[in-house]
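Report on the structure given below.
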Amino acid sequence: MHARAVVATTTALLGAAALLGPASAARAHDGERPAVIAHRGASAYAPENTLPAVDKAAELGIHWVENDVQRTKDGELVVVHDDTLRRTTDAEEVFPDRAPWKVKDFTAAEIARLDAGSWFGPSWAGTRVPTLREYVHRIERHRQKLLLEIKNPELYPGIERDTLKVLGNEGWLDRRHLSGRLVVQSFDADSVRTVHELKPAVKTGLLGTPPMSRLPAYAGFADQINVSYALLSVGYVSAVHAFTGPHGKPLEVFTWTVDDAVGARRAAGYGVDGIITNKPDVVRAATLGENAAAGKRAGEAWSQGGAAGE
């Protein structure tokens with residue numbers, strides 16, 4: 001079951017954790033600040049899920065980038081969030097008779113014609129929807145890490161195998177990448193399970209807030225439970241951390257989407273392992289400050305304790 005605690009024990013843990021303040025409930029062995037993950041790239045500053053958004057994250061010094069993967073009519077994997085092309089491209093203008101402009105109804109060549117930047121601002125005109133191959137090449141150029149979401153897998157049977165094939169062809173399934181540079185996630189538990197079964201070495205994440213009773217089952221194939229910030233609590237984070245995932249380590253929690261300093265500090269205090277954000281510079285500055293303050297408090301407490309013992 002890959003769980004270090006049975007459900008009853010976890011229930012007790014939840015109750016105990018709720019009595020603790022956020023900072024004290026964070027895992028003591030986590031000396032590092034939470035990872036900061038650029039949501040769809042640095043999407044507050046460049047068009048989401050595009051190569052310029054990856055570049056902007058790199059410019060800000062952000063090591064983790066999140067993206068969304070879907071499949072075209074002719075089987076190419078492309079990086080785009082919505083299942084339609086309306087919001088982030090000019091598909092309506094270029095193909096006025098192709099409503100509702102579903103990604104799955106267009107070939108890769110057709111999508112390559114679209115402008116995926118003008119909606120964000122005129123200076124981004126001509127930005128294209130990248131293929132997954134192009135995207136991982138850019139990530140590799142910057143030596144970044146990738147949190148890849150398989151989007152709407154119910155629309156694309158077999159997309160898990162397709163995704164792993166591209167990652168493998170581009171060198172992303174070697175030990176160097178699998179040891180800490182890649183996580184594949186989805187809201188669909190079956191999709192996450194499929195990725196794990198096809199390539200057990202790949203680290204996986206389940207998006208959402210599953211009930212505590214399901215955590216033992218999910219710990220068999222998911223390394224992370226990635227929770228909306230709106231539903232985040234110190235008790236839930238502690239409950240997830242009590243389970244061991246398929247690679248023999250405690251389950252992790254990445255939370256989304258946090259764009260302000262107050263939220264970032266609160267999430268860090270809850271003990272999350274990563275914070276997904278459109279404004280990674282803001283979150284990084286806030287969590288660095290929070291960790292510095294926590295370190296100072298710990299040092300002061302140690303000094304007082306030492307003086308009392310002398």
Side-chain angles (χ1 to χ4, degrees), residues 37-60 62 64-142 144 146-160 162-163 166-167 170 184-188 191 207 256-257 259 276-280:
I37 303 99
H39 184 231
R40 309 178 198 171
S43 55
Y45 311 116
E48 65 180 60
N49 276 325
T50 65
L51 301 185
V54 175
D55 294 340
K56 185 61 180 180
E59 178 186 324
L60 294 171
I62 303 303
W64 276 97
V65 176
E66 185 264 0
N67 74 349
D68 305 282
V69 174
Q70 303 196 61
R71 192 170 65 202
T72 67
K73 183 178 181 180
D74 54 344
E76 184 76 61
L77 296 183
V78 291
V79 178
V80 60
H81 177 270
D82 300 358
D83 65 354
T84 80
L85 297 160
R86 292 183 62 183
R87 180 176 64 87
T88 57
T89 78
D90 59 350
E92 282 189 83
E93 299 173 18
V94 178
F95 301 104
D97 58 344
R98 299 279 293 277
W101 300 281
K102 294 282 189 179
V103 174
K104 65 183 182 64
D105 294 333
F106 287 79
T107 67
E110 289 171 333
I111 290 177
R113 293 172 51 190
L114 302 177
D115 180 340
S118 292
W119 70 275
F120 192 81
S123 63
W124 305 100
T127 301
R128 302 303 174 190
V129 174
T131 65
L132 179 58
R133 289 181 177 87
E134 292 169 335
Y135 202 90
V136 296
H137 286 171
R138 190 60 60 93
I139 293 283
E140 189 66 50
R141 178 189 299 180
H142 295 306
Q144 292 165 304
L146 178 61
L147 176 61
L148 183 155
E149 180 181 345
I150 296 177
K151 203 74 180 175
N152 304 311
E154 69 280 2
L155 300 178
Y156 312 107
I159 191 173
E160 297 85 7
D162 294 342
T163 300
V166 171
L167 291 171
E170 303 309 317
V184 177
Q185 65 174 356
S186 179
F187 280 99
D188 188 304
S191 185
L207 285 155
W256 47 274
T257 305
D259 289 339
I276 302 170
T277 173
N278 300 311
K279 297 180 177 180

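Within a 6.0 Å radius of CZ in Arg86, no more than 12 heavy atoms belonging to other residues, nucleotides or ligands are found. No more than 12 heavy atoms of other residues, nucleotides or ligands lie within 6.0 Å of CD in Glu93, so this atom counts as exposed by the packing criterion. More than 12 heavy atoms of other shown residues, nucleotides or ligands fall within 6.0 angstrom of atom NZ in Lys151.
At distances below 3.5 Å, not a single donor-acceptor pair connects side-chain atoms of Asn152 with backbone N or O atoms of Glu154. Not one N or O on the side chain of Glu170 forms a donor-acceptor pair closer than 3.5 Å with the backbone of Leu167. For Trp119 (side chain) and Thr89 (main-chain N/O), no donor-acceptor pair under 3.5 Å exists by modelled atom type.
With respect to Val184, the side chain to side chain contact (heavy atoms under 4.5 Å, CB included) criterion is satisfied by exactly one of Leu148, Leu146, Val69, Leu147: Leu148.
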message: Is there a side chain to side chain contact (heavy atoms under 4.5 Å, CB included) between Ile150 and Gln185? Walk through the geometry before answering.
response: CA-CA 6 Å; Ile150 296 177; Gln185 65 174 356; over 6 Å; no
message: Evaluate Arg71 against Val103 for side chain to side chain contact (heavy atoms under 4.5 Å, CB included), listing each step before the verdict.
response: CA-CA 7 Å; Arg71 192 170 65 202; Val103 174; over 6 Å; no
- prompt: After noting the C-alpha distance and the side-chain angles of Ile37 and Thr277, does the key distance pass the side chain to side chain contact (heavy atoms under 4.5 Å, CB included) rule?
  reply: CA-CA 6 Å; Ile37 303 99; Thr277 173; over 6 Å; no
- request: For Arg141 and Arg138, run side chain to side chain contact (heavy atoms under 4.5 Å, CB included): C-alpha distance rounded to whole Å, both residues' side-chain angles, the deciding distance at 0.1 Å, then the answer.
  value: CA-CA 5 Å; Arg141 178 189 299 180; Arg138 190 60 60 93; 3.6 Å; yes
Stepwise side chain to side chain donor-acceptor pair (under 3.5 Å) check, Thr84 with Asp82: CA-CA 5 Å; Thr84 80; Asp82 300 358; 5.0 Å; no
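Every residue two or more places apart in sequence or in another chain was checked for a ring-ring contact (aromatic ring centres under 6.0 Å, His included) with Tyr156, and none qualifies. Not a single ring-ring contact (aromatic ring centres under 6.0 Å, His included) links Trp64 to another residue, sequence neighbours left out.
Across every non-hydrogen atom of Pro280 and Ala38, the tightest pair is CG-CB, 4.1 Å. Nearest heavy atoms, Tyr135 versus Pro130: CD1-CG, 3.9 Å. The heavy-atom pair separating Arg128 from Leu114 by the smallest distance is NH1-O, 2.7 Å. Taking both residues in full, the closest heavy atoms of Leu60 and Ala42 are given as CD1-CB, 4.2 Å, listed atom of the first, atom of the second, then distance. In plain terms, the two heavy atoms of Glu160 and Ser191 that are nearest each other are OE2-OG, 2.7 Å. Residues Ala46 and Trp124 come closest through the heavy atom pair CB-CH2, 3.8 Å.
For the pair Glu48 and Arg87, the salt-bridge criterion is met [side-chain N within less than 4.0 Å of a carboxylate O]. We find that Lys104 and Asp83 are not joined by a salt bridge, their nearest charged nitrogen and carboxylate oxygen being 4.0 Å or further apart. Ion pairing between Asp105 and Lys73 fails under the 4.0 Å rule for side-chain N and carboxylate O. A salt bridge links Arg133 with Glu76; the closest basic N to acidic carboxylate O contact falls under 4.0 Å.
Note that CD1 of Ile276 and CH2 of Trp256 are 8.5 Å apart. Values are rounded to the nearest 0.5 Å. Separation of atoms CD1 (Ile139) and CG (Asn67) is listed at 7.0 Å; rounding is to 0.5 Å. Separating the CG atom in Leu132 from the CD atom in Gln70 is a distance of 12.0 Å, to the nearest 0.5 Å. Here the NE2-NE2 distance, from His137 to His142, works out to 13.5 Å after rounding to the nearest 0.5 Å. Remark: Asp90 CG to Phe95 CZ distance equals 9.0 Å, nearest 0.5 Å. Taken to the nearest 0.5 Å, the CG atom of Leu85 stands 10.0 Å off from the CD atom of Glu110.
Counting heavy atoms from C-beta on, the side chains of Phe106 and Ile111 come closer than 4.5 Å. Counting only heavy atoms from C-beta outward, the side chains of Leu77 and Thr163 approach each other to under 4.5 Å.
Under 3.5 Å, the side chains of Ser186 and Asp188 contain no donor-acceptor pair of N or O atoms. In the model, Asn278 has a side-chain atom that pairs as donor or acceptor with a side-chain atom of Asp259 under 3.5 Å.
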